[in-house]
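Remarks on the structure that follows.
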Amino acid sequence: MARTADVAELVDRARAGQPRAVARLISLVEQAGPRLREVARALAPFTGRARVVGLTGAPGVGKSTSTSALVRALRARGQRVGVLAVDPSSPFSGGALLGDRVRMGEHAGDPGVFIRSMATRGHLGGLSWATPQALRVLDAAGFDVVLVETVGVGQSEVEVVALADTAVVLLAPGMGDGVQAAKAGILEIADVLVVNKADRDGADATVRDLKHALSLGRREREAGLWRPPVVRTVAATGQGVADVVAAIDAHRDWLVGRGELERRRTRRAAGEVEAIAVARLRAGFAGRVGGAALEALARRVAAGELDPYAAADRLLAGPPDR
């Protein structure tokens, strides 16, 4: 376990570009041990500089290949890039395949790239619960851009919007994504829409469906709002990746010009503070009430003897006086 002095030293080493120190800090964050507060305190003065780009989309659209291609393009511009690739974890063992380390192996020897796979460990929304703090580690370590790739479990993975400065939603032809995007509201979370595998049949139809859906949306009708561009790519060959980078840059300029970047980051911080506070309240509540009282009330609700609201009232009231 790292002592307080060790945490400060780790932060200094991470800021000096030592990947082992970055990895150790992220491990401390994931463990959520007693030094987590010290890690957060040590990181705070050095955060707020990195550009955060979230990538999400259904399985099979090529998120990891696209992420790797973006890393390549950003490195060509001389930028240091951190990647947080969140993989689904087993509901039984809690383990994860962490396949992004395999798929992005070409960057393994690049000192300007740091890739960390993180397991969701049952957390819903497409991100690991530790992702915000891991992002702070990479930010403090001086990475210019941090790419956050979500698990790709479906259309519920929208937490990346709250975490990222720019949300990139990837789709692919032949997967019904154009229709699903319009139907499920995925357009509402996208700052940049990417139709990957655009060399396949159906790419034109997917682009057309997306542009039509955007034309019907509120963003098209209100002046001054960002209109998500639709970009075609073939990430496996690098085709169109430069256009994605240009779209991300354009969105960054729009965010800064309208003061939206500060508002987004303030909302991100508010969500992070709220999540920590709720977790502490939940832990304190569980310790005060105990599982036995909850289980007894749950049996009565299941038997129809008590409604769940009345049960919650009794749980909050605490154990009866003896």
Side-chain angles (χ1 to χ4, degrees), residues 53-74 83-88 96-107 115 117 120 125-127 147-161 163-164 166-217 219 227-248 250-251:
V53 179
L55 294 98
T56 188
V61 299
K63 288 192 302 301
S64 295
T65 304
S66 296
T67 300
S68 183
L70 282 173
V71 171
R72 197 179 310 117
L74 293 167
V83 179
L84 294 176
V86 187
D87 279 293
L97 176 60
L98 307 183
D100 292 281
R101 289 185 179 178
V102 177
R103 293 188 288 269
M104 294 185 224
E106 66 173 286
H107 307 294
I115 299 172
S117 293
T120 56
L127 296 177
L147 304 177
V148 182
E149 178 195 331
T150 66
V151 297
V153 294
Q155 293 161 342
S156 64
E157 47 181 287
V158 296
E159 282 190 4
V160 72
V161 179
L163 191 65
T166 299
V168 178
V169 175
L170 288 97
L171 307 101
M175 300 181 67
D177 282 317
V179 175
Q180 290 300 321
K183 184 169 64 177
I186 200 84
L187 298 182
E188 294 300 318
I189 75 168
D191 297 309
V192 177
L193 284 158
V194 175
V195 178
N196 190 33
K197 305 181 181 180
D199 54 344
R200 292 186 176 182
D201 292 339
D204 290 341
T206 301
V207 171
R208 186 172 58 249
D209 288 346
L210 289 171
K211 289 184 175 180
H212 176 67
L214 286 171
S215 70
L216 300 176
R219 294 179 176 182
R227 300 181 181 184
V230 181
V231 183
R232 300 170 184 247
T233 65
V234 183
T237 65
Q239 179 183 334
V241 175
D243 295 331
V244 177
V245 174
I248 293 171
H251 183 248

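This one's a predicted model, so the numbers in the text were calculated from it and none came from an experiment.
Between P173 and V195 the shortest side-chain heavy-atom distance falls below 4.5 Å. You'll find the side chain of I115 stays beyond 4.5 Å of the side chain of V71, heavy atoms only.
Sorted pairs that involve residues 234-247 and meet salt bridge (charged side-chain N to carboxylate O under 4.0 Å, His left out), not counting sequence neighbours, are lacking altogether. Each salt bridge (charged side-chain N to carboxylate O under 4.0 Å, His left out) pair with one or both residues in residues 64-74, not counting sequence neighbours, appears once here: R72-E106.
Under the salt bridge (charged side-chain N to carboxylate O under 4.0 Å, His left out) criterion, D204 pairs with R232, not counting sequence neighbours. Partners of S66 under the side chain to side chain donor-acceptor pair (under 3.5 Å) rule, at least two apart in sequence or in another chain, do not exist in this structure.
Nearest heavy-atom pair across A203 and A198 is CB-O, 3.4 Å. Residues L147 and L55 share a closest heavy-atom pair of CB-CD1, 4.1 Å. Shown here for A73 and V245, the closest heavy-atom pair between the two residues is CB-CG2, 4.0 Å. Heavy-atom minimum distance, A69 versus A235: CB-O, 3.9 Å.
Each of T206, L214, V168 was evaluated against L193; a single residue qualifies, L214, per the side-chain contact (heavy atoms from CB on, under 4.5 Å) test.
T67 contributes a side-chain N or O that, together with a main-chain N or O of K63, makes up a donor-acceptor pair within less than 3.5 Å. The backbone N or O of T65 sits nowhere less than 3.5 Å from a side-chain atom of S68 that would complete a donor-acceptor pair.
Taking CD1 from I248 and CG from L74, the interatomic distance works out to 7.0 Å, rounded to the nearest 0.5 Å. Once rounded to the nearest 0.5 Å, the distance linking OG1 of T56 with CG of L171 reads 9.5 Å.
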Side chain to side chain contact (heavy atoms under 4.5 Å, CB included) between N196 and T233: does it pass, once the steps are laid out?
CA-CA 5 Å; N196 190 33; T233 65; 2.9 Å; yes
